[in-house]
Peer 1: 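Questions regarding the structure given below will be posed in turn.
Here the structure is a predicted model, which is why all the values come from computation and not from measurement. Just so you know, these numbers use all the heavy atoms, side chains as well, and skip hydrogens, waters and symmetry mates. Remember, it's 1-based here, ligands and their atoms both numbered in the order they're listed.
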Amino acid sequence: MFLFKGSAEIHQSDFAMIYIHKSVINNFMGIIKDRFKEQADTVAAEIKSIIKEHGEKVIGEVTLSQIYQGMRGITALVSETSLLDAQDGIRFRGYSIPELREKLPKAHGGSEPLPEGLFYLMLVGSLPSDEDAHHLSSVWQRRSHVPNHVFATIEALPVSTHPMTQFVVAIMSLQTESQFAKRYAKGMSKKEYWDAVFDDTMDLIARLPRIAAYIYRRKYKNGEHIQPNGLLDWAGNFAHMMGYEEEGFQELMRLYMTIHADHEGGNVSAHTTHLVGSALSDPYLCFAAGMNGLAGPLHGLANQEVIKWIYELREEIGSDIPSKEQIEEYVKKTLSEGKVVPGYGHAVLRQTDPRFTAQMEFGKKHMPDDPLVQTVWNIYEAVPPVLGSIAKIKNPWPNVDAHSGALLVHYGMVEYEFYTVLFGVSRSLGVLASLCWDRALGFPLERPKSVTTTLVKSWLEGKEEIWGD
Ligand code: HAX
């Protein structure tokens, strides 16, 4: 048995030389679990007193437009892991992306944050030490075994099946391993829900890179699979299993897995995971549901759509380096055909997404002369003025998906249909940390009220009380 030593100076390169007993890892799991539970108990007590003293405080009002138009701006959820500001973008437990890139633990020799560290931050609520993050890498390595029937289930699908569908089917087949489902079936006390969800969360996150890499190699690399490397961190090993050994790509995966992890609670993948969890569906069922939402083109699938759109643009104008004027013309054509410009706009953000900026900085450092990356930057100059001139579009600025594909293509990952799976692996960190919080805080079944347009009309005619029962 191996992996790590229990000292603060542990590095990824040390892993090869260090053997440790399983019980030490289990003990560390216990430490994270204890820290999480301690935090959750404190917050649960605070919430109890907030509801007791201020439960009737009105925090907003709801208009008819809002219920007909996607519930924008209705504050209706509590999600502890991150908070989105329309101007400043996402903050994870108060830390912005630039702050996290500086403060979170890194792989040895690397300069991008380890997603393990972000997960710890979202789960426990405070920054991890280097040791915490590296130990989490080891815990996930140890729990990453994927049963054979999952691979057999993937193999039962036609290879042409979209990678996101393969991913969701694989997650569903892994549900056989749910501790929560097993313990619930045996008769588990409410007080233990969080504990079983915590265990499932760790197992599921640990196993996702193996599953995603399997789908990638199956679909695009003739089924020539690559065994995990137990010496690498979670994202580095994911890169390795997909067949990318370059340090730059591993660094990109660490950044990618960090910045895509969470975007507060109301986005489709996070909200769906949370909603399904409120029925006490186990984390596998919840996460698979969330991934079905991520697979939509207005959400996570936008990352594949961006690259597709750029390739079509290049083909149409017959050049790999379209000018800003040519891009502008193509944007107008896209709009005139009744399509959206992928990678631009956001339901909440009203500025350039800091996740876009982080990727742009990565591009400037690692590949400033790449023509596709430069095209992404030219699009960034050309698109906002065009979208900004259309009154109905509230945010003409790029979101996270506008940049990611070009960085992947630079390292040779050209199979854009796979990109949303990468997003999904990352998103597990945020939505499952949130699910642990949901169960630890004892959040109940979610059941908002819906109405019919007939009822709305009778409200407007004064025939029915809006606040009636
Ligand atoms: N291109 C063309 N039209 C756009 C647009 C864009 N990029 N962004 C918004 N609009 C349109 C909307 O389609 C809507 O038109 P209709 O009223 O005719 O339906 C109108 O402008 C108002 O939209 P909005 O209020 O500005 O934005 P929404 O909150 O309704 O939608 C979306 C937000 C992200 C769905 C939207 O901006 C969009 O479709 N963008 C392109 C797809 C995309 O990049 N999605 C990824 C978003 C980030 C994410 O979740 N990643 O996973």
Peer 1: Can you tell me how far the CZ atom of Arg210 sits from the CG atom of Leu208, to the nearest 0.5 Å?
Peer 2: 13.0 Å
Peer 1: Does atom CD (Glu61) have a neighbourhood of more than 12 heavy atoms from anything else shown, all under 6.0 Å?
Peer 2: no
Peer 1: Before accepting this row, confirm whether a basic side-chain N of the pair Lys333/Glu337 lies closer than 4.0 Å to the acidic partner's carboxylate O.
Peer 2: yes
Peer 1: Which pairs pass ring-ring contact (aromatic ring centres under 6.0 Å, His included) with one or both residues in residues 324-361, sequence neighbours excluded?
Peer 2: His263-His346, Trp309-Tyr330, Phe356-Tyr380, Phe356-His403
Peer 1: Please tabulate, one line per pair, the protein N or O atoms found under 3.5 Å from any N or O atom of ligand 1, giving the distance to one decimal.
Peer 2:
{"from": "ligand 1", "atom 1": "1 (N)", "to": "Val341", "atom 2": "N", "distance (Å)": "2.9"}
{"from": "ligand 1", "atom 1": "7 (N)", "to": "Val341", "atom 2": "O", "distance (Å)": "2.9"}
{"from": "ligand 1", "atom 1": "7 (N)", "to": "Tyr344", "atom 2": "O", "distance (Å)": "2.7"}
{"from": "ligand 1", "atom 1": "15 (O)", "to": "Lys392", "atom 2": "NZ", "distance (Å)": "3.4"}
{"from": "ligand 1", "atom 1": "18 (O)", "to": "Lys392", "atom 2": "NZ", "distance (Å)": "2.8"}
{"from": "ligand 1", "atom 1": "25 (O)", "to": "Lys394", "atom 2": "NZ", "distance (Å)": "2.7"}
{"from": "ligand 1", "atom 1": "26 (O)", "to": "Lys394", "atom 2": "N", "distance (Å)": "2.8"}
{"from": "ligand 1", "atom 1": "29 (O)", "to": "Arg72", "atom 2": "NE", "distance (Å)": "3.0"}
{"from": "ligand 1", "atom 1": "29 (O)", "to": "Arg72", "atom 2": "NH2", "distance (Å)": "3.0"}
{"from": "ligand 1", "atom 1": "30 (O)", "to": "Arg72", "atom 2": "NH2", "distance (Å)": "3.2"}
{"from": "ligand 1", "atom 1": "40 (N)", "to": "Tyr344", "atom 2": "O", "distance (Å)": "2.8"}
{"from": "ligand 1", "atom 1": "44 (O)", "to": "Gly343", "atom 2": "N", "distance (Å)": "2.8"}
{"from": "ligand 1", "atom 1": "44 (O)", "to": "Asn399", "atom 2": "ND2", "distance (Å)": "3.0"}
{"from": "ligand 1", "atom 1": "45 (N)", "to": "Leu298", "atom 2": "O", "distance (Å)": "3.0"}
{"from": "ligand 1", "atom 1": "50 (O)", "to": "His299", "atom 2": "ND1", "distance (Å)": "2.9"}
{"from": "ligand 1", "atom 1": "51 (N)", "to": "Asp401", "atom 2": "OD2", "distance (Å)": "2.7"}
{"from": "ligand 1", "atom 1": "52 (O)", "to": "His299", "atom 2": "O", "distance (Å)": "3.2"}
{"from": "ligand 1", "atom 1": "52 (O)", "to": "His299", "atom 2": "ND1", "distance (Å)": "3.1"}
{"from": "ligand 1", "atom 1": "52 (O)", "to": "Gly300", "atom 2": "N", "distance (Å)": "3.4"}
{"from": "ligand 1", "atom 1": "52 (O)", "to": "Asp401", "atom 2": "OD2", "distance (Å)": "3.3"}

Peer 1: Does Lys457, at its NZ atom, have more than 12 non-hydrogen atoms belonging to other residues, nucleotides or ligands within less than 6.0 Å?
Peer 2: no
Peer 1: So that I can tick it off, tell me whether Arg254 and Glu247 are bridged by a salt bridge, with the cut-off set at under 4.0 angstrom between side-chain N and carboxylate O.
Peer 2: yes
